[in-house]
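Before any comments, here is the structure.
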Amino acid sequence: MDARLNLFADPAMGKTLKYLASAGRVAAESTLPEATQELVRLRASQINGCGFCTDMHTKDAAAAGETQQRLNLVAAWREATVFTEAERAALELAEQGTRIADAAGGVTDEAWANAAKHFNEEELAALVSTIAIINAFNRLNVIIQQPAGDYQPGMFG
């Protein structure tokens with residue numbers, strides 16, 4: 001399988017990826033736990049059917065010490081007992097923020113209030129940014145059919 005467009009050779013796509021990655025630094029430099037960020041990226045990528053990002057964030061999370069059990073259960077987090085209440089709130093916000101078109105009201109007040117119980121304003125901003133940015137990356141990869149499976153942790157810097 002070949003991608004429809006080479007993300008890494010096309011100058012316009014290169015700029016787009018650079019700016020998106022740069023925007024992601026806000027979350028990386030925040031106090032939002034990296035594990036939470038990776039779980040959110042993974043869940044949004046699963047929902048969006050982005051094989052490349054699912055591969056990337058599963059491997060990045062594992063390389064950062066995430067357990068295989070928790071990675072296996074991200075798609076079924078509601079029934080899993082391995083996530084903290086804060087992680088569950090972040091996963092709920094990620095799902096609702098990813099499925100905006102599926103729900104007439106977008107993100108519910110309840111989901112927002114639950115996230116706000118667990119995260120301060122800086123962390124909420126980082127969480128919202130993470131959700132928005134991973135959704136943008138997912139859409140790029142799904143549209144161009146970026147193949148999945150060859151990602152190695154750290155290969156993009």
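The shown structure was predicted, so the numbers you read here are calculated from the model rather than taken from an experiment.
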Name the orientation class of the two ring planes belonging to Phe52 and Tyr151 (parallel below 30°, tilted from 30 to 60°, perpendicular beyond 60°).
perpendicular
Kindly determine whether Lys117 and Glu85 satisfy salt bridge (charged side-chain N to carboxylate O under 4.0 Å, His left out), including the steps that lead there.
CA-CA 10 Å; Lys117 284 190 326 191; Glu85 288 302 313; over 6 Å; no
So do the side chains of Trp77 and Glu92 get within less than 4.5 Å of each other, counting heavy atoms only?
yes
Determine the minimum heavy-atom distance between Glu87 and Val82, stating which atoms define it.
OE1-O, 4.3 Å
Should Val142 and Arg139 be marked as a side chain to side chain contact (heavy atoms under 4.5 Å, CB included) after you check the CA-CA gap, both sets of side-chain angles, and the distance that decides it?
CA-CA 5 Å; Val142 170; Arg139 279 150 179 76; 5.9 Å; no
So CD of Gln145 and CZ of Arg4: to nearest 0.5 Å the spacing works out to 3.5 Å
State, to 0.1 Å, how close Ser30 and Ala27 come at their nearest heavy-atom pair, and which atoms those are.
OG-O, 2.7 Å
Holding to side-chain hydrogen bond (donor to acceptor under 3.5 Å, both in side chains), I want the full list of residues that pass it with Asn138, two or more places apart in sequence or in another chain.
Ser45, Asn48
Between Gln96 and Trp112, is any side-chain donor less than 3.5 angstrom from a side-chain acceptor?
no
Indicate yes or no: does Lys59 engage Glu66 in a salt bridge with an N to O separation below 4.0 Å.
no
Between OG1 of Thr36 and CG of Leu127, what distance do you get to the nearest 0.5 Å?
8.0 Å
Joining Ile, Leu, Val, Met, Phe, Trp and Tyr whenever any side-chain heavy atoms lie under 4.5 Å apart, the cluster holding Val26 also takes in none
Candidate pair Arg41 and Glu34, rule salt bridge (charged side-chain N to carboxylate O under 4.0 Å, His left out), full reasoning:
CA-CA 10 Å; Arg41 289 181 190 116; Glu34 180 61 28; 3.5 Å; yes
Do Phe83 and Val74 touch side chain to side chain, with heavy atoms closer than 4.5 Å?
yes
So do the side chains of Leu7 and Asn141 get within less than 4.5 Å of each other, counting heavy atoms only?
yes
Are Leu5 and Met56 joined in one hydrophobic group, where the rule is that I, L, V, M, F, W and Y side chains link up if heavy atoms are under 4.5 Å apart?
yes
Nearest heavy-atom neighbours spanning Ala94 and Val40:
CB-CG1, 3.7 Å
I need the minimum non-hydrogen distance between Arg70 and Leu39, along with the two atoms involved.
NH2-CD1, 3.4 Å
Between Ile47 and Glu95, the two heavy atoms sitting closest are CD1-CG, 3.5 Å
Side-chain donor-acceptor pair under 3.5 Å between Gln68 and Asn72, yes or no?
yes
Is there a donor-acceptor pair under 3.5 Å between the side chain of Arg88 and the backbone N or O of Ala80?
yes
Compute whether any side-chain donor of one residue and acceptor of the other, for Gln46 and Thr54, lie under 3.5 angstrom apart.
no
Which value, rounded to the nearest 0.5 Å, describes the distance between Asn135 atom CG and Leu140 atom CG?
11.0 Å
Using the rule that Ile, Leu, Val, Met, Phe, Trp and Tyr join whenever any side-chain heavy atoms are under 4.5 Å apart, tell me whether Met13 and Ile134 fall into a single cluster.
yes
I'd like to know if the side chain of Ser22 reaches the main chain of Lys18, judged simply by a donor and an acceptor atom lying under 3.5 Å from each other, with no hydrogens or angles considered.
no
Donor-acceptor contact below 3.5 Å, side chain Asp55 vs main chain Ala148:
no
Hydrophobic cluster identity match, Leu20 and Met155, side-chain contacts under 4.5 Å:
yes
Which atoms form the tightest heavy-atom contact between Gln37 and Leu32, and what is the distance?
NE2-O, 2.8 Å
Could you give me the CA-CA distance, side-chain angles and deciding distance for Phe156 and Leu17, then say whether side chain to side chain contact (heavy atoms under 4.5 Å, CB included) is met?
CA-CA 11 Å; Phe156 295 129; Leu17 294 173; over 6 Å; no
